[in-house]
Amino acid sequence: MKIDAHQHFWKFDPVRDAWIDDSMQIIRRDFLPQDLKPILNENNIDGCIAVQADQSETETDFLLDCAAQNTFVKGVVGWLDLRAENVEERLAHYSKNTLFKGVRHIVQAEANDFMLGKDFQNGIGKLAPFSLTYDILIFPPQIEAAIALVNKFPNQKFVVDHIAKPYIKSGKIEEWKTKMTELAKAQNVFCKVSGMVTEADLKHWEVSDFNPYLDVVFNAFGINRILYGSDWPVCLLAAQYQEQLHIVQNYVKDFSKEEQSKVFGLNAVKFYNL
């Protein structure tokens, strides 16, 4: 089974989705399962994981509804308030739905030490008993806190979104490389090769721009802990679906069929328990 392990759906709301500014006209509209299905079909991808883009339980309910009505949406990474006192109750509520696979918080918009907060860590500690994953969405300065987090919860399954958003446009790599290599030492952490085109020069990137970053990730995490994700429709700011897919396909073209199958689906099936 081929899986796109990271994409989004939304009914565009200019107030809620204020992060989609005037420079992002191409994604200032609705993106729903019926828009994605033909694209996945064209690219021989069997299913996807829908990931939250808004921090509300309304968002989680919306994504679960999309998944319930579209069998190609294999699972949902939703949002609930991990810092809330009733976090266990909310997790119990959502985990009754077998399509609810994990949780994400938009940590990239928070302070660098956000993940070290006692209340947040209390929520993280409640995920494993419900067999739920956690998606780590961060910028490079936050990797240090992520290292502390994943080591504190060795029985929790984590995945780093968008290879932690390195500075591909400027070509900066060394500090990110050191910290990602350290983060990958924790065997409970996986990594999504996703969201890379939007960290590059949006209009003038080349496929070769990504190879040094992919080298780091593949060397650090190894073939069994890497998941392909498109970050559609956000990727449209820099690339059509097929173009961003080609970056990863090109990188793994000399890998064995089995290794390619892991990156493009088997690892996602394992990680999200599909």
Side-chain angles (χ1 to χ4, degrees), residues 1-8 26-27 31 35-49 51 72 74 135 137 139-140 159-174 176-177 180-181 183-184 189-272 274:
M1 187 155 59
K2 280 192 169 176
I3 300 289
D4 176 344
H6 197 106
Q7 52 75 216
H8 307 285
I26 195 165
I27 61 170
F31 287 92
D35 302 310
L36 180 60
K37 182 75 167 81
I39 297 170
L40 295 184
N41 290 347
E42 279 166 31
N43 291 284
N44 300 313
I45 291 172
D46 303 302
C48 62
I49 298 289
V51 180
F72 75 92
K74 303 296 183 188
D135 269 57
L137 176 64
F139 286 126
V159 63
V160 182
D161 290 347
H162 313 330
I163 67 172
K165 299 197 158 194
Y167 308 115
I168 298 171
K169 185 177 179 179
S170 66
K172 281 168 70 177
I173 194 168
E174 287 310 320
W176 167 85
K177 175 182 179 177
M180 281 295 274
T181 304
L183 180 60
V189 186
F190 288 60
C191 186
K192 288 183 186 177
V193 286
S194 59
M196 298 183 295
V197 285
T198 45
E199 300 309 316
D201 184 330
L202 297 183
K203 302 282 181 248
H204 305 103
W205 58 266
E206 305 278 345
V207 171
S208 57
D209 295 344
F210 305 98
N211 290 343
Y213 298 89
L214 289 167
D215 284 344
V216 170
V217 168
F218 276 83
N219 287 332
F221 288 89
I223 205 76
N224 294 319
R225 291 191 285 144
I226 289 175
L227 289 62
Y228 158 73
S230 66
D231 200 26
W232 179 94
V234 183
C235 67
L236 299 176
L237 295 169
Q240 290 302 309
Y241 192 99
Q242 199 164 358
E243 292 177 303
Q244 59 74 31
L245 173 60
H246 175 67
I247 293 165
V248 187
Q249 286 175 329
N250 177 69
Y251 187 81
V252 302
K253 67 180 186 294
D254 296 326
F255 288 26
S256 72
K257 282 279 177 279
E258 185 193 2
E259 288 171 331
Q260 291 183 34
S261 296
K262 286 180 176 180
V263 172
F264 287 111
L266 295 181
N267 292 342
V269 169
K270 181 173 100 177
F271 182 80
Y272 286 118
L274 303 184

*Report the distance from atom CZ of F139 to atom CG of L137, rounding to the nearest 0.5 Å.*
7.5 Å
*asked:* Let me confirm one number: the NE2-CD distance from H246 to Q249, rounded to the nearest 0.5 Å.
replied: 7.5 Å
*asked:* Is it the case that the side chain of N250 and the backbone of I247 share a donor-acceptor pair, with hydrogens and angles ignored and the cut-off at 3.5 Å?
replied: no
*Rounded to the nearest 0.5 Å, how far does CG of D4 lie from NZ of K2?*
12.0 Å
*With a 4.5 Å limit on heavy-atom distance, are the side chains of W232 and L40 in contact?*
no
_Could you measure the distance from the CD1 atom of I45 to the CG atom of L245? Nearest 0.5 Å is fine._
5.0 Å
_Side chain proximity check, M196 to V248, heavy atoms < 4.5 angstrom_ = yes
*Please tell me if the side chains of K165 and T198 come closer than 4.5 Å, counting only heavy atoms from C-beta onward.*
no
*Kindly indicate, with the supporting measurements, whether the criterion side-chain hydrogen bond (donor to acceptor under 3.5 Å, both in side chains) is fulfilled by Q244 and Y228.*
CA-CA 10 Å; Q244 59 74 31; Y228 158 73; 2.8 Å; yes
_Heavy-atom pair of closest approach, residues D135 and H6_ = OD2-ND1, 4.0 Å
_Side chain to side chain, D231 and H8, heavy atoms closer than 4.5 Å_ = yes
_Are F218 and F255, when compared by the centres of their aromatic rings, separated by less than 6.0 Å?_
yes
*For Y251, enumerate each residue passing the side-chain hydrogen bond (donor to acceptor under 3.5 Å, both in side chains) test, keeping only those at least two apart in sequence or located in another chain.*
D215
*Side chain E259, main chain I223, donor-acceptor under 3.5 Å*: no
*Closest non-hydrogen atom pair, V217 against I163*: CG2-CG2, 3.7 Å
*Quick one: closest heavy-atom pair of C191 and M180, and the distance?*
SG-CE, 4.1 Å
*Rounded to the nearest 0.5 Å, how far apart are OH of Y272 and CG of L227?*
6.5 Å
*Do any N or O atoms from the side chain of K177 and from the backbone of V216 form a donor-acceptor pair under 3.5 angstrom?*
no
*Quick one: are L274 and I49 in side-chain contact, heavy atoms under 4.5 Å?*
yes
_Quick one: does any side-chain atom of N267 pair with a main-chain N or O of I226 as donor and acceptor, under 3.5 Å?_
yes
*Are I168 and F210 side-chain neighbours, meaning at least one heavy-atom pair lies under 4.5 Å?*
yes
*Shortest non-hydrogen contact from V197 to A239?*
CG1-CB, 4.1 Å
_Shortest non-hydrogen contact between K203 and L237, atoms and distance_ = NZ-O, 3.8 Å
*Mark yes when over 12 heavy atoms from residues, nucleotides or ligands other than K74 sit less than 6.0 Å from its NZ; otherwise mark no.*
yes
*So do V193 and Y213 actually touch side chain to side chain, heavy atoms under 4.5 Å?*
no
*If you look at every heavy atom in N224 and F190, which pair is closest and at what distance?*
O-CE2, 3.5 Å
_Atom CD of residue position E243 - does it have more than 12 heavy atoms of other residues, nucleotides or ligands inside 6.0 Å?_
yes
*asked:* Contact between V51 and K192 at the side-chain level, heavy atoms closer than 4.5 Å - yes or no?
replied: yes
_Please report the interatomic distance CD(E199) to CH2(W205), rounded to the nearest 0.5 Å._
14.0 Å
